[in-house]
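Numbering starts at 1 and runs along the sequence shown.
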Amino acid sequence: MINIKKLTLILVAILFAYSAITYAVNRKVERQNYRLVKSVNDIDIRFYPKAIMATVTSIGYSYMGNSNSHFRTLAGYIFGGNKSSQKIAMTAPVYMERDSTKNRMSFVMPSQYDLNKLPRPNDSLVNLHYSQEGYFAVLEFGGFANENKIDNKINELKDALATLGYKTIGDNIYLGYNAPWDVIDRENEIIVQISYLE
């Protein structure tokens with residue numbers, strides 16, 4: 001007869017081993033380039049140059065609400081769903097944004113491409129464009145993210161920026177760095193563009 005406790009321990013060990021492997025793989029993917037300007041308490045001020053993004057937009061006021069369908073559409077594009085049937089490397093982070101009527105997910109394209117050399121998407125929902133370069137305030141946090149946790153971290157960042165006297169530009173953006181099944185060392189960030197002069 002199978003010992004349930006032993007089986008559970010084995011499954012947990014396998015899950016953590018798999019998570020450690022995917023964590024190592026995630027560390028090897030290209031990450032979006034930025035320049036750290038300074039750190040103040042728990043807040044980074046970074047300069048992000050423009051990058052090419054592949055973005056899907058849909059109706060809804062939620063960061064996570066359409067994330068599964070958005071991810072499938074964007075993954076389809078980089079896994080060969082384009083006019084050249086070309087595979088494009090996955091990068092980190094994944095951007096999730098929302099405003100009063102819409103939400104968006106974006107993949108950052110690898111830095112060796114320019115907008116004219118990227119293959120055109122087969123799916124018309126995928127929009128290729130440059131991101132807005134500028135200075136951004138960044139708050140990092142760990143664990144699994146959900147709508148409530150993201151909102152709490154947004155408020156935490158807002159309070160910190162008000163104390164520091166920085167004026168924000170536009171909406172807050174959630175950045176995720178891990179696959180959904182990663183368990184250990186999960187990385188998340190809230191970023192918002194700020195008015196900043198060095």
Side-chain angles (χ1 to χ4, degrees), residues 19 23 26-27 29-71 74 90-109 111 127 129-198:
S19 183
Y23 170 75
N26 184 50
R27 282 288 192 240
V29 303
E30 180 183 344
R31 292 185 171 216
Q32 184 182 9
N33 183 45
Y34 65 82
R35 176 172 56 86
L36 177 63
V37 177
K38 66 179 180 178
S39 295
V40 184
N41 300 328
D42 294 330
I43 308 300
D44 280 354
I45 306 300
R46 302 174 185 171
F47 178 79
Y48 280 88
K50 69 179 181 180
I52 303 171
M53 315 289 274
T55 299
V56 175
T57 303
S58 60
I59 302 298
Y61 182 72
S62 166
Y63 286 100
M64 300 293 187
N66 297 318
S67 59
N68 289 336
S69 62
H70 286 175
F71 192 91
L74 291 170
M90 185 73 188
T91 67
V94 173
Y95 278 61
M96 295 186 202
E97 304 173 64
R98 72 180 184 199
D99 58 29
S100 59
T101 60
K102 295 184 177 71
N103 54 35
R104 300 170 197 84
M105 178 182 283
S106 300
F107 285 5
V108 183
M109 296 293 98
S111 58
N127 175 39
H129 61 97
Y130 281 110
S131 64
Q132 177 71 45
E133 74 174 17
Y135 294 93
F136 289 80
V138 182
L139 175 66
E140 301 176 11
F141 64 100
F144 284 90
N146 56 42
E147 211 73 26
N148 186 56
K149 191 171 187 179
I150 290 171
D151 283 336
N152 287 338
K153 293 299 178 180
I154 287 172
N155 289 332
E156 188 177 326
L157 180 58
K158 283 180 179 176
D159 291 344
L161 293 178
T163 300
L164 294 169
Y166 290 123
K167 180 182 176 184
T168 61
I169 303 168
D171 297 315
N172 293 276
I173 304 168
Y174 165 71
L175 306 185
Y177 286 83
N178 300 84
W181 51 84
D182 287 351
V183 175
I184 60 172
D185 290 317
R186 294 188 64 84
E187 296 177 80
N188 312 277
E189 293 175 339
I190 302 298
I191 74 170
V192 65
Q193 190 172 5
I194 59 171
S195 179
Y196 182 84
L197 294 175
E198 290 189 78

Sorted by chain and residue number, the ring-ring contact (aromatic ring centres under 6.0 Å, His included) partners of Phe107 (sequence neighbours excluded) come out as Phe71
Not counting sequence neighbours, which residues clear side-chain contact (heavy atoms from CB on, under 4.5 Å) with Tyr130? List them please.
-> Lys50, Ile52, Asp114, Leu115
Rounded distance [0.5 Å steps], CD1 in Ile190 versus CG in Leu175 = 7.5 Å
Kindly indicate whether the side chain of Thr91, heavy atoms from C-beta on, has any atom under 4.5 Å from the side chain of Gln32.
-> no
Here the gap from Ser67 atom OG to Leu74 atom CG, rounded to the nearest 0.5 Å, amounts to 11.5 Å
Side-chain contact test, heavy atoms from C-beta onward, threshold under 4.5 Å: evaluate it for Phe144 versus Lys149 and give yes or no.
-> no
Partners meeting side chain to side chain donor-acceptor pair (under 3.5 Å) with Ser69 (sequence neighbours left out) | none
Rounded to the nearest 0.5 Å, what's the gap from OH on Tyr135 to CD1 on Ile194? Could you check?
-> 9.5 Å
From CD (Glu97) to CG (Asn172), nearest 0.5 Å = 10.0 Å
Sequence neighbours excluded, which residues qualify as side chain to side chain donor-acceptor pair (under 3.5 Å) partners of Thr168?
-> none
Would you be so kind as to tabulate the donor-acceptor pairs closer than 3.5 Å made by side chains of residues 155-164, with sequence neighbours excluded?
| residue | atom | partner | partner atom | Å |
| --- | --- | --- | --- | --- |
| Asn155 | ND2 | Asp151 | O | 3.3 |
| Glu156 | OE1 | Lys153 | NZ | 3.3 |
| Thr163 | OG1 | Asp159 | O | 3.0 |

Anything under 30° is parallel, anything over 60° is perpendicular, the rest tilted; go ahead and classify Tyr48 against Tyr34.
-> tilted
If you round to the nearest 0.5 Å, how far is OH of Tyr95 from OH of Tyr174?
-> 13.0 Å
Nearest heavy-atom approach of Val138 to Glu189 is CG1-CD, 3.7 Å
By side chain to side chain donor-acceptor pair (under 3.5 Å) - contacts of Thr57 (at least two apart) | none
Kindly state each residue pair satisfying salt bridge (Lys or Arg N to Asp or Glu O under 4.0 Å) with at least one member in residues 131-141, sequence neighbours excluded.
-> Arg46-Glu140
Ala145 and Met64: which non-hydrogen atoms are nearest, and at how many Å?
-> O-CE, 3.7 Å
Walk me through it: do Ile154 and Tyr63 pass the test side chain to side chain contact (heavy atoms under 4.5 Å, CB included)?
-> CA-CA 12 Å; Ile154 287 172; Tyr63 286 100; 3.4 Å; yes
Is the backbone of Ser106 close enough, under 3.5 Å, to the side chain of Thr55 for a donor and an acceptor to pair up by distance?
-> no
Provide the closest heavy-atom pair for Arg186 versus Ala179 in the form atom of the first, atom of the second, distance.
-> NH1-O, 2.9 Å
Tightest non-hydrogen contact, residues Gln193 and Gly134, listed as NE2-CA, 4.0 Å
Report the residues that fulfil side-chain contact (heavy atoms from CB on, under 4.5 Å) with Tyr61, sequence neighbours left out, ordered by chain and then residue number.
-> Arg98
Is a side-chain donor or acceptor of Asn103 paired with a backbone partner of Ser62 at a separation under 3.5 angstrom?
-> yes
By side-chain contact (heavy atoms from CB on, under 4.5 Å), Lys167 pairs with (sequence neighbours left out) Ser195
Non-neighbouring partners of Arg104 that pass side chain to side chain donor-acceptor pair (under 3.5 Å), sequence neighbours left out | Asp99
What pairs with Ser111 under side-chain contact (heavy atoms from CB on, under 4.5 Å), at least two apart in sequence or on another chain?
-> Glu30
To the nearest 0.5 angstrom, please state how far the OG1 atom of Thr101 sits from the CD1 atom of Ile59.
-> 5.5 Å
For the residue pair Glu187 and Asn178, what are the closest heavy atoms and their distance?
-> N-OD1, 2.7 Å
Kindly state each residue pair satisfying ring pair (Phe, Tyr, Trp, His ring centres under 6.0 Å) with at least one member in residues 145-168, sequence neighbours excluded.
-> Tyr166-Tyr196
So which heavy atom on Met90 is nearest to which on Val29, and how close?
-> O-CB, 3.8 Å
